[in-house]
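Please read the structure below before turning to the comments.
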Amino acid sequence: MGEVATDQLQVWVDQDLCTGDGLCVQYAPEVFEFDIDGLAYVKGADGELRMTPGSRVDVPEHLRLEVIDSAKECPGDCIHVVRGDGVEVAGPDAEED
């Protein structure tokens with residue numbers, strides 16, 4: 001169980017499903033940002049938006065809960081939070097407890 005806590009998480013947004021609701025940007029503005037197209041994208045530690053579909057960025061340790069919450073609350077179900085082994089921990093493909 002403790003293993004998951006130390007595992008590096010990554011997050012990506014499926015823009016095809018993004019509703020532009022903005023919940024994720026409110027939860028974790030360091031990780032999510034709107035582009036001029038009105039859709040949410042992830043951004044890396046450098047602050048640059050990752051525009052390539054399926055681009056992943058590391059989830060900062062101090063924002064893990066916010067990023068997971070944004071994936072769970074997202075009305076478009078377009079945010080995927082995955083562990084290093086590829087298992088989705090939050091988002092549309094996550095195993096429900």
Side-chain angles (χ1 to χ4, degrees):
M1 182 173 122
E3 181 189 347
V4 175
T6 57
D7 203 9
Q8 178 62 57
L9 298 181
Q10 291 191 314
V11 61
W12 62 282
V13 174
D14 183 346
Q15 279 80 27
D16 290 341
L17 297 176
C18 179
T19 57
D21 191 271
L23 220 67
C24 59
V25 178
Q26 291 172 6
Y27 270 111
E30 287 177 57
V31 178
F32 303 103
E33 189 174 306
F34 283 130
D35 194 38
I36 51 173
D37 60 9
L39 301 178
Y41 291 84
V42 292
K43 57 184 177 179
D46 56 5
E48 291 292 317
L49 295 191
R50 302 294 191 258
M51 305 301 289
T52 310
S55 290
R56 297 177 176 189
V57 297
D58 290 338
V59 176
E61 192 70 35
H62 65 287
L63 290 174
R64 290 168 75 102
L65 289 177
E66 287 82 351
V67 169
I68 287 170
D69 282 347
S70 67
K72 289 179 176 172
E73 303 294 329
C74 173
D77 269 343
C78 68
I79 299 170
H80 300 264
V81 183
V82 291
R83 286 195 324 228
D85 60 4
V87 173
E88 186 151 317
V89 295
D93 300 330
E95 297 292 322
E96 292 301 321
D97 336 355

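On a predicted model such as this, the values are computed, not experimentally measured, just so you know.
- A pairwise comparison of heavy atoms in Cys78 and Leu17 identifies CB-CB, 3.6 Å as the closest pair.
- Note: the hydrophobic cluster containing Tyr41 does not contain Phe32 (ILVMFWY, side chain heavy atoms under 4.5 Å, direct or indirect links).
- When atom types are taken as modelled, the side chain of Arg56 and the backbone of Gly54 share no donor-acceptor pair closer than 3.5 angstrom.
- No donor-acceptor distance shorter than 3.5 angstrom exists from the side chain of Glu61 to the backbone of Gln8, with no hydrogens or angles considered.
- The line from CG of Leu9 to CG of Asp58 is 9.0 Å long, rounded to the nearest 0.5 Å.
- Cluster annotation: Val25 and Val81 are assigned to the same hydrophobic cluster (Ile/Leu/Val/Met/Phe/Trp/Tyr, side-chain heavy-atom contacts under 4.5 Å, transitive).
- Closest approach of Thr19 and Gly76 over heavy atoms only: CG2-CA, 3.9 Å.
- Between the side chain of Gln10 and the main chain of Arg83, no donor-acceptor pair closer than 3.5 Å is present.
- Considering all non-hydrogen atoms of both residues, Ala40 and Val13 come closest at O-CG1, 3.4 Å.
- At least one donor-acceptor pair closer than 3.5 Å links the side chain of Lys43 to the backbone N or O of Pro29.
- Distance CE/Met51 to CD/Gln15: 7.5 Å, rounded to 0.5 Å.
- Rounded to the nearest 0.5 Å, atoms OH (Tyr27) and CD1 (Ile79) are 10.0 Å apart.
- Of all non-hydrogen atoms in Cys18 and Leu39, the two that sit nearest each other are O-CD2, 3.7 Å.
- The cluster map of Ile, Leu, Val, Met, Phe, Trp and Tyr, joined by side-chain heavy atoms under 4.5 Å apart, puts Val11 and Phe34 in the same cluster.
- Leu63 places a side-chain heavy atom less than 4.5 Å from the side chain of Val31.
- Val57 and Val89 fall within the same hydrophobic cluster, where Ile, Leu, Val, Met, Phe, Trp and Tyr residues are linked whenever their side-chain heavy atoms come under 4.5 Å apart, directly or through other members.
- Between Ser70 and Val67, the closest heavy-atom pair is OG-O, 2.7 Å.
- To the nearest 0.5 angstrom, Glu48 atom CD is 12.5 Å from Ser55 atom OG.
- Atoms NE2 and CG, from His80 and Asp93 in turn, are 5.5 Å apart once rounded to the nearest 0.5 Å.
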